[in-house]
Amino acid sequence: MAKQYVYNFKEAYGLGKELLGGKGAGLAEMTHIGVPIPQGFTITTDACTLYYKSGKKLPDYLINDIYNAVAVIEKETGKNFGGAHNPLLVSVRSGARISMPGMMDTILNLGLNDVTVAALAKETGNERFAFDSYRRFILMFTNIAKGIKRDEMDAMLEDIKKKKGYKLDTEVTTEELKELVKKYKDYYLKKFKEEFPVDPKVQLIEAVTAVFRSWDNDRANSYRQMNNIPYEWGTAVNVQSMAFGNKGEKSGTGVAFSRSPSTGENKVFAEYLPNAQGEDVVAGIRTPLHIEELQKRMPKVYEQFIKTIKMMEAHYKDMQDMEFTVEDEKLYFLQTRNGKRTAAAALKIACDLLDEGLITEEEAVLRVEPKSLDSLLHPTFDPSELKKLKEDAKGLPASPGAATGKIAFDAKEAKERHAKGEKVVLVRAETSPEDIDGMVAAEGILTKRGGMTSHAAVVARGMGKCCVAGCGDAVIDEEKRIVIINGKTLTDKDVISIDGSTGLVYIGNIKKVDAELSGYFARIMKLADKYRRLHVRTNADTPRDAQVAAKFGAEGIGLCRTEHMFFNPDRIFHMRKMILSETVEGREAALEELLPYQRDDFYGLYMAMNGMNVNVRLLDPPLHEFLPQEADKIQELAKALNMTEEHVRERIDYLHEFNPMMGHRGCRLDVSYPEIGRMQARAIIEAALKAQKDLKKPLTPEIMIPLTLDVKEFLYVKEIICEEADKLIKASGEKLNYKVGTMIEIPRAALLAGEIGKEAAFFSFGTNDLTQMTYGFSRDDAGKFLPDYYAKKIFEQDPFQTVDQKGVGKLIKMAVTDGRAANSELHVGVCGEHGGDPLSIEFFNNAGLDYVSCSPFRVPVARLAAAQAAIKAKKSK
Ligand code: ADP
Ligand code: MG
Ligand code: MG
C-alpha cells in the first residue's frame with residue numbers, strides 16, 4: 001500500500017509528534033478526548049521530507065491526497081471548498097515537532113474569492129464579516145505564503161482609518177473593506193505580474209508549499225541550531241476548517257493558561273478579544289479583555305470553557321496553554337500545549353500536580369527544565385523597576401545575574417576600589433587571564449568584544465558572576481578611561497547596571513531582590529537527589545566558591561585548578577622567579593616561597609568542604625602565561641634573580657611557544673621540573689593532615705595529574721607524588737589515605753585507558769581539552785569558523801557546549817570500559833564545562849560515570865539533570 005501522508009484529525013490520534021508535529025498531534029488528541037475543535041487534517045512531517053527529496057515540489061499523488069482530505073472535511077462540515085453556496089474556509093497552520101519561531105505563520109480564511117465571499121456574505125447575513133475575512137486572507141496570503149512585507153498593505157488600511165478618523169479596525173465599514181480588497185488585489189497584481197489566485201485548490205497547495213519552504217528559511221535554521229533541533233525532523237502542516245471569531249459581538253477569540261505561567265498559581269489565566277480573529281490578539285493592535293468579560297457576556301460559554309480547560313489539564317497532566325475562538329456563542333479550541341513557564345512557576349506546578357495526585361514523583365522531577373534553575377540562583381533586578389526602564393545598550397546574556405556599580409576600567413583598579421568597599425562593574429573591551437582578580441572583585445563584567453564562550457563569559461559563569469559580553473553598542477576607550485553608552489559619556493564616577501540574564505545594560509542604579517529559593521525549589525531538589533545515580537561535585541579553587549557549591553548541594557570538589565592560586569599579586573612574583581630560574585636550586589627556592597600559600601589554600605578548601613572529597617589538579621597551563629610583559633615588572637624580576645633585564649627578556653622569549661595549548665604544560669612540566677609536582681604534593685598532604693585533625697574526620701585527598709598521554713609518564717609523576725606523600729605521612733605519625741589519578745583529556749590517553757587505568761585510582765574526563773584535541777581545533781578560535789559549519793549544516797551544535805557523543809563520546813565510553821576492565825575500583829568522573837550541561841549529563845549518566853563536576857552555580861542544575869537522566873534511562877529499559 002502506498003504510504004499515507006495525510007491524516008484526518010479523527011484517525012491521527014496516537015501517531016505521535018514525530019509524524020504529526022506538535023500542533024497536529026495536539027489537534028488529533030483533542031479530537032480524541034472530545035474537545036470541540038474545527039474539523040481538519042494533518043499533512044505529515046514525512047511529506048515535508050518528501051517535498052525536499054522531490055526537488056522542492058509536491059508530487060502529484062500527494063496533491064491528490066490533500067484534495068481527498070479536503071473532500072472529507074467538506075462531508076463532515078456540509079460545506080463546499082470553493083463552492084457558490086455554503087463555502088468551506090480553512091486555516092493553514094505549520095507545526096514542527098516542537099513549536100519553533102521561524103516557521104511559517106498561519107493563514108486564515110483560505111478558500112475565499114469573489115464567488116465564495118458573496119456566498120459567505122449572503123448566507124451569514126453579514127457582509128461586513130465576509131469582506132473583513134476576505135481582506136485578511138489576501139493580506140495573509142501575500143505576506144505569509146508569498147513573503148511580501150505587510151507594511152504597505154497595512155498602510156492601506158491605516159489610510160482609510162485616518163481619513164475617516166477611526167480608532168479601531170472594527171469601525172471600518174463594509175464598503176471600505178470592499179474597496180480595500182480591491183486595493184490589495186491590485187497590489188498583488190503589481191507585485192507578481194499575475195492575478196491573485198482565485199482557485200481555492202491553488203491557494204491551498206501554494207500555502208502548504210510555503211510551509212514546507214519555511215522549514216529551510218534563515219530564521220528557522222538559526223533557531224534550530226541554537227536549540228539543537230535536527231534539520232531532518234521537518235514540519236507538518238495542518239489544514240482546518242475556520243471558526244469565525246470575527247462574526248460580531250457574540251464571537252471572539254483568546255488565549256488561556258490553565259494555571260499562572262509566571263507564578264504557577266492554580267487559577268485559569270486568560271484573555272479575550274470580542275469580534276476578532278486569532279491574529280489580532282498576537283498583533284497587539286487591540287488590548288484584550290480580562291476573561292471575566294466572557295463570563296459576563298456569555299456565562300454558558302464561560303462555564304463550558306472552564307470545564308473543558310480543567311478536563312484538558314487532567315488529561316495532559318500538565319499546565320496547558322490554549323487558543324480558543326467563539327463563533328456565535330459556540331466554543332472551539334484551536335490549540336493546546338504544555339505551557340511555557342518561569343522556573344518558579346515550574347517548581348510550584350510540579351509540586352502541586354504531585355500533591356493533586358496527577359503525576360508521580362518521577363514525573364514531577366521531569367517537569368522542571370534544569371537550565372531554568374539558573375535564573376533562581378542569582379539576585380535579580382526588581383522586575384517592577386525594570387518595567388519602568390528602557391535599556392541603554394544590549395549585549396549577550398553571558399552569565400546570569402544582576403550587577404550594579406561604578407565603572408572600573410581595569411582589573412587592578414577594580415580590585416583596589418573593591419578593597420576600599422566600593423562596588424564596581426569591570427568594563428573592558430575584552431578580558432584575559434590577568435584580569436581574574438579584577439573580575440573576582442567586581443560585581444559584574446561588561447565587555448565590548450567576545451561571545452558566549454569568550455574568556456569573560458566562561459570565567460564569569462565559572463564564578464557565578466554576572467556578565468554581559470559582546471556589547472558592541474558600548475564604545476570603550478580604555479586609555480582615556482571613558483565609555484560611551486547610548487550617546488552618554490561615562491567615567492569611573494558613573495554607575496551602571498547590567499543584567500546577565502538578558503544582556504541588557506542600563507545607566508544608573510536599579511534596585512535588586514534576593515534570589516528566592518522557595519520551598520518548592522528545595523522540595524524538587526530533594527526529589528532529584530532521591531532519583532539520581534550520578535554524584536555531583538563542583539569545580540572550585542577558593543573556599544568561598546566551595547562554600548557556595550556546598551550550599552547548593554555539591555558532594556565534593558571534582559576539580560581544583562591550582563594555577564588560579566598563582567595569579568594573586570603576592571604570589572605571582574615567586575611564580576615568575578620559579579619559572580625564570582635556570583637551576584633546580586633556584587626553582588626550589590622559589591617553590592619553597594609558594595608552598596605556604598598553596599598549603600593554606602588547600603587547607604581552606606578541605607575545611608570548607610567539611611570532609612567531602614577534594615580533587616586537586618597539579619599545575620596545568622603553559623608557564624609563559626604567568627610571565628610579565630611590562631618593563632617595570634621585568635626590571636624587578638631581573639633584580640631578584642640577579643640577571644640582566646636583557647637576559648630575563650631572552651628567557652621570556654625562549655619560553656614562548658607556537659602552539660602553547662599543545663606545548664610545555666600539564667604533567668610535562670613535572671617531567672621537566674619534578675620539583676613543581678613535589679611541592680604541590682607536599683602542600684596537599686600537609687594541608688590534608690592538618691584539616692583531618694581539625695575536622696576530626698578522615699580525609700582522602702585526591703591528586704590529579706593533568707594531560708597524561710602515556711602510562712610511563714603517569715607513573716613517573718605518580719612516583720614523585722607518592723614518594724613525597726609517604727614521607728610526610730610517615731613523619732606525621734598519622735594515618736592518611738590518598739589517591740593519585742589522572743585527567744583523560746588527550747585522545748591517546750583514552751585509547752590507552754586500559755594501561756593507564758591499571759595504575760590510576762581515578763579518571764576525570766577533561767572534556768574541554770578532549771574535545772578540542774579530538775576535533776583538532778581550539779576552543780578559542782573555533783568561534784570564527786563554526787558558524788560556517790552551522791550554516792552549511794555540517795555541524796548542528798557547538799561541541800564545547802554539549803558533548804559530541806559520536807566522536808568524543810566514543811572515546812569516553814571506550815576509556816570507561818577499558819579502564820574499569822583493568823581496574824574494577826576505578827572511580828570515573830568528568831570535570832569539563834560539559835559537567836553542567838543537561839544533555840551532556842544524560843550522556844555521562846548512560847556512559848556509567850560515577851560523578852560530574854561543574855561550577856558552583858550549576859550544581860542544582862546538574863543534580864536535577866542527573867535525576868532526569870536516571871529516570872529517563874529507567875523508563876527506556
Ligand atoms: P501560532 O503557532 O503562531 O499560534 P496558530 O496556527 O496556532 O499559529 O494560529 C494563529 C492564530 O490563528 C491563533 O490565534 C489561532 O487560534 C488562530 N486559528 C488558527 N486556525 C484557526 C481556525 N481554523 N479557526 C479559527 N482560528 C484559527
Ligand atoms: Mg497557536
Ligand atoms: Mg585540560
Side-chain angles (χ1 to χ4, degrees), residues 8-9 17 20-28 30-31 35-43 69-70 73 76-77 79 81 87-112 120 129 132-133 136-137 139-141 143-145 200 203-204 207-208 210-211 214-215 219-220 223 235-247 251-257 270-286 288 305 308 320-328 330-340:
N8 186 283
F9 295 158
K17 283 183 185 177
L20 302 173
K23 207 172 272 169
L27 290 165
M30 285 195 287
T31 306
V35 175
I37 71 160
Q39 303 298 330
F41 58 86
T42 302
I43 307 168
V70 172
I73 330 185
E76 286 174 333
T77 57
K79 294 184 177 179
F81 196 49
L88 170 68
L89 305 190
V90 297
S91 66
V92 175
R93 320 170 67 189
S94 64
R97 223 186 273 196
I98 57 176
S99 133
M100 226 180 81
M103 293 308 302
M104 197 193 86
D105 289 331
T106 296
I107 296 178
L108 301 177
N109 312 329
L110 187 139
L112 280 173
L120 189 67
F129 149 73
D132 182 46
S133 304
R136 285 170 190 266
F137 168 57
L139 190 153
M140 281 192 249
F141 189 89
N143 166 232
I144 296 165
Q203 296 172 352
L204 179 59
V208 170
V211 173
S214 73
W215 178 252
R219 246 181 91 204
Y223 184 83
T235 179
V237 187
N238 303 288
V239 178
Q240 188 172 24
S241 65
M242 285 301 302
F244 296 107
N246 55 337
K247 256 186 172 176
S251 304
T253 187
V255 292
F257 290 90
E271 290 179 331
Y272 178 71
L273 197 55
N275 195 11
Q277 281 200 324
E279 46 151 11
D280 298 340
V281 180
V282 192
I285 306 169
R286 286 158 57 196
F305 171 74
T308 315
Q320 296 298 293
D321 165 0
M322 293 152 290
E323 290 167 4
F324 65 97
T325 288
V326 180
E327 176 181 340
D328 278 339
K330 187 162 167 24
L331 172 69
Y332 295 96
F333 282 86
L334 276 314
Q335 187 175 337
T336 189
R337 60 185 156 197
N338 295 338
K340 288 216 165 65

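Note that these values count all heavy atoms, side chains included, but never hydrogens, waters or copies made by symmetry. Numbering of ligands and ligand atoms starts at 1, following listing order. The shown structure was predicted, so the numbers you read here are calculated from the model rather than taken from an experiment.
Around atom 18 (N) of ligand 1, the closest heavy atom drawn from L108, N238, L89, V239 belongs to L108. Among Q39, Q277, R93, the residue whose heavy atom lies closest to atom 7 (O) of ligand 1 is R93. Looking at P38, G254, G245, S241 and measuring to atom 23 (N) of ligand 1, the nearest heavy atom belongs to S241.
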* Asked: Should N8 and E76 be marked as a side chain to side chain contact (heavy atoms under 4.5 Å, CB included) after you check the CA-CA gap, both sets of side-chain angles, and the distance that decides it?
  -> CA-CA 11 Å; N8 186 283; E76 286 174 333; 3.5 Å; yes

* Residue pair Q240, F9: steps toward the side chain to side chain contact (heavy atoms under 4.5 Å, CB included) verdict -> CA-CA 9 Å; Q240 188 172 24; F9 295 158; 3.8 Å; yes

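Here CE of M103 is found 13.5 Å from CZ of R93. Values are rounded to the nearest 0.5 Å. To the nearest 0.5 Å, the span separating CE on M140 from OG1 on T106 amounts to 9.0 Å.
Within the 4.5 Å cutoff, no side-chain heavy atoms of D328 are placed close to those of F244.
Here's the thing with D105: none of its N/O atoms is less than 3.5 angstrom from an N/O atom of ligand 1.
Within the 4.0 Å heavy-atom criterion, the part of K23 lying near ligand 1 is the side chain and not the backbone. For M242, heavy-atom contacts with ligand 1 shorter than 4.0 Å involve the backbone as well as the side chain.
Note on ring orientation: taking the six-membered ring where Trp is involved, the planes of F324 and F333 are tilted (angle from 30° to 60°).
Annotation: angle subtended at the Mg ion (ligand 2) by Q335 OE1 and E323 OE1 is 80°, to 10°.
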